[in-house]
Amino acid sequence: MFIERHAPLHTHNTFGIAARAARLVRVASEGDVFAALQERDIRYTPKFVLGGGSNLVLTGDVLHTVFKVEIGGMRVLGQEGDATLVEAGAGVRWHDFVHWTLQQCLPGLENMALIPGTVGAAPVQNIGAYGMEAAERIHSLDGIDLKDGRRFTLTAAQCAFGYRDSIFKRSGGMGLAGRALITRVRFALPRRWQPRLGYLDLEKRMEATGCRSPGARQIFDWVVDIRRAKLPDPAQLGNAGSFFKNPSVTPEQCRDIIGREPQVVHYPMPDGSYKLAAGWLIDACGWRGKRMGRAGVYERQALVLVNHGGASGGEVMTLAKAIQTSVYERFGIRLEPEPVVL
Ligand code: EPU
């Protein structure tokens, strides 16, 4: 275990925002977490768990004790029913894990290649892309409750996953925000694998290449390619992926918007509601490529806010609020930020 005081955080968040943490504790094992909780000034102060810092906006110095989870390890556990169970430490980079599963000839995560962040952050945010969500593959996970220092294990159902949401993002009641440190996650990968196609960008690849029944490795390569073309690399241009969730509307609201804006990109959901493409709404309001101070809207994807160099969290949030206001004024829709704002 390693405790750093007044620790700089700019290299620990993909937005590249400069801020400091009162204490930064790097934990590489469960033992490290228990040892940290023995420290008086850690036990009684608020805590924040940091994965890859890829879904975070820091609006100032952090008074919390920040736990940086660096628990490693990946292993195949064996068969369970129709699935092969695999387990990874929470600190493993998500993309490395996806790559490793394919090397083991265990497909099932390929649509989620290249998502930034760690394995431990995947369930918090219920990451997803190209027609698949982490929740569909998560079997169970282990963690430590930082409030009472106890170990816990949760099944996928107990994580109460929603769209970019889980019990780990919610506070109050049953919520575990600010208290659960995930140590290991287990995934159930299907033994009878079927490609998950149907997402427009993947369909276009099939069309362009003539490859009608791609294997998992092919899908992995396509997804990596598509993401590289659409999303900025945080190492070059600070960002936290999609900044807003795609809003959900009722069929009546959707009809009303289509009446006014026939081009609006919308998808029917299994529950009868419609999801609108937030990127399209923001783009339609003329934000793509715009800048406000040192923060801006990515020129190739309006859903991604970027740090053009030295932006503060305040500048990012000012831009986010201006976008929310203009989308609300034009479409009557309130966009909800996806990242955690601290
Ligand atoms: N669009 C525009 N202009 C833009 C951006 C998008 O017109 O500036 C349109 C696109 O043409 C497309 C539609 O909006 O018709 C949706 O865009 P896209 O397919 O790129 O996906 P998205 O809805 O913007 C979501 C996820 C991404 C995920 C992709 C692929 C959310 C909030 N975002 O983006 O997830 O990678 O689908 O599955 O659900 C993330 O959560 O950080 C993230 C990157």
Side-chain angles (χ1 to χ4, degrees), residues 13-15 51-57 94-95 98 109-118 121-136 161-166 169 196-205 219-220 222-234 237-249 257-258 261-269 273-290 296-306 316 320 323-324 326-327 330-331 333-340:
N13 71 100
T14 59
F15 244 122
S54 57
N55 198 46
L56 178 65
V57 184
W94 172 261
H95 182 68
V98 175
L109 298 173
E110 56 285 344
N111 293 49
M112 296 185 285
L114 213 64
I115 296 183
T118 57
V124 175
Q125 162 76 351
N126 185 16
I127 57 170
Y130 303 103
M132 191 182 284
E133 279 186 346
E136 296 176 60
F161 290 119
Y163 166 57
R164 299 294 190 275
D165 195 29
S166 73
K169 263 184 123 175
R196 180 74 56 89
L197 302 165
Y199 200 92
L200 186 67
D201 284 330
L202 292 176
E203 295 278 337
K204 280 191 200 157
R205 289 283 160 145
I219 296 176
F220 175 93
W222 282 345
V223 168
V224 166
D225 230 45
I226 296 166
R227 289 189 74 96
R228 288 218 168 107
K230 276 200 170 178
L231 299 166
D233 176 356
L237 193 61
N239 75 90
S242 298
F243 198 90
F244 298 102
K245 294 184 186 182
N246 285 330
S248 184
V249 294
I257 293 175
I258 294 170
E261 313 268 353
Q263 308 295 322
V264 65
V265 177
H266 58 287
Y267 316 97
M269 301 307 289
S273 67
Y274 282 82
K275 204 156 254 186
L276 304 181
W280 187 92
L281 301 173
I282 298 167
D283 196 0
C285 292
W287 281 102
R288 188 143 55 85
K290 286 257 169 76
V297 179
Y298 190 50
E299 65 208 6
R300 275 182 266 161
Q301 161 59 291
L303 197 48
V304 177
L305 303 195
V306 296
V316 172
I323 292 171
Q324 283 171 312
S326 69
V327 168
R330 173 145 171 205
F331 299 102
I333 287 168
R334 291 186 197 283
L335 292 182
E336 201 186 314
E338 190 185 294
V340 174

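Start at 1 and go down the list; that is how both ligands and their atoms are numbered. Keep in mind that this is a model prediction, so the values were computed, not measured.
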Check your understanding: Can you find a heavy atom in the side chain of E261 that is under 4.5 Å from one in the side chain of F331?
Key ->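 Answer yes - side chains close enough.
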Exercise for review: Applying salt bridge (Lys or Arg N to Asp or Glu O under 4.0 Å), name anything that partners K245, two or more places apart in sequence or on another chain.
Suggested key: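 Applying salt bridge (Lys or Arg N to Asp or Glu O under 4.0 Å) to K245 gives E336.
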Review point. What residues form a salt bridge (Lys or Arg N to Asp or Glu O under 4.0 Å) with R334, not counting sequence neighbours?
Key: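 For R334 there are no salt bridge (Lys or Arg N to Asp or Glu O under 4.0 Å) partners, ignoring immediate neighbours.
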**Study point:** Stepwise side chain to side chain contact (heavy atoms under 4.5 Å, CB included) test for N246 and L276
**Key:** CA-CA 6 Å; N246 285 330; L276 304 181; over 6 Å; no
**Study point:** Residues that Y267 engages under side chain to side chain contact (heavy atoms under 4.5 Å, CB included), provided they are two or more places apart
**Key:**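 If we apply the side chain to side chain contact (heavy atoms under 4.5 Å, CB included) test to Y267, skipping adjacent residues, the hits are V265, K275, A277.
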Exercise for review: Classify the ring geometry between F220 and H95 as parallel (under 30°), tilted (30 to 60°) or perpendicular (over 60°).
Suggested key: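 Parallel, since the angle between the ring planes stays under 30°.
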N/O pairs closer than 3.5 Å, ligand 1 and protein:
{"from": "ligand 1", "atom 1": "3 (N)", "to": "D283", "atom 2": "OD2", "distance (Å)": "2.8"}
{"from": "ligand 1", "atom 1": "8 (O)", "to": "D283", "atom 2": "OD2", "distance (Å)": "3.4"}
{"from": "ligand 1", "atom 1": "8 (O)", "to": "A302", "atom 2": "N", "distance (Å)": "2.8"}
{"from": "ligand 1", "atom 1": "19 (O)", "to": "Y199", "atom 2": "OH", "distance (Å)": "3.0"}
{"from": "ligand 1", "atom 1": "20 (O)", "to": "K230", "atom 2": "NZ", "distance (Å)": "3.0"}
{"from": "ligand 1", "atom 1": "20 (O)", "to": "Q301", "atom 2": "NE2", "distance (Å)": "3.2"}
{"from": "ligand 1", "atom 1": "21 (O)", "to": "Y199", "atom 2": "OH", "distance (Å)": "3.4"}
{"from": "ligand 1", "atom 1": "23 (O)", "to": "N246", "atom 2": "ND2", "distance (Å)": "2.9"}
{"from": "ligand 1", "atom 1": "24 (O)", "to": "Q301", "atom 2": "NE2", "distance (Å)": "3.0"}
{"from": "ligand 1", "atom 1": "33 (N)", "to": "S242", "atom 2": "OG", "distance (Å)": "2.9"}
{"from": "ligand 1", "atom 1": "35 (O)", "to": "R164", "atom 2": "NH2", "distance (Å)": "3.0"}
{"from": "ligand 1", "atom 1": "36 (O)", "to": "R227", "atom 2": "NH1", "distance (Å)": "3.2"}
{"from": "ligand 1", "atom 1": "37 (O)", "to": "Y199", "atom 2": "OH", "distance (Å)": "3.2"}
{"from": "ligand 1", "atom 1": "38 (O)", "to": "Y130", "atom 2": "N", "distance (Å)": "2.6"}
{"from": "ligand 1", "atom 1": "38 (O)", "to": "Y199", "atom 2": "OH", "distance (Å)": "3.4"}
{"from": "ligand 1", "atom 1": "39 (O)", "to": "Y163", "atom 2": "OH", "distance (Å)": "2.7"}
{"from": "ligand 1", "atom 1": "39 (O)", "to": "R164", "atom 2": "NH2", "distance (Å)": "3.4"}
{"from": "ligand 1", "atom 1": "41 (O)", "to": "R164", "atom 2": "NE", "distance (Å)": "3.0"}
{"from": "ligand 1", "atom 1": "41 (O)", "to": "R164", "atom 2": "NH2", "distance (Å)": "3.1"}
{"from": "ligand 1", "atom 1": "41 (O)", "to": "E338", "atom 2": "OE1", "distance (Å)": "3.1"}
{"from": "ligand 1", "atom 1": "41 (O)", "to": "E338", "atom 2": "OE2", "distance (Å)": "2.9"}
{"from": "ligand 1", "atom 1": "42 (O)", "to": "S242", "atom 2": "N", "distance (Å)": "2.9"}
{"from": "ligand 1", "atom 1": "42 (O)", "to": "E338", "atom 2": "OE2", "distance (Å)": "3.4"}

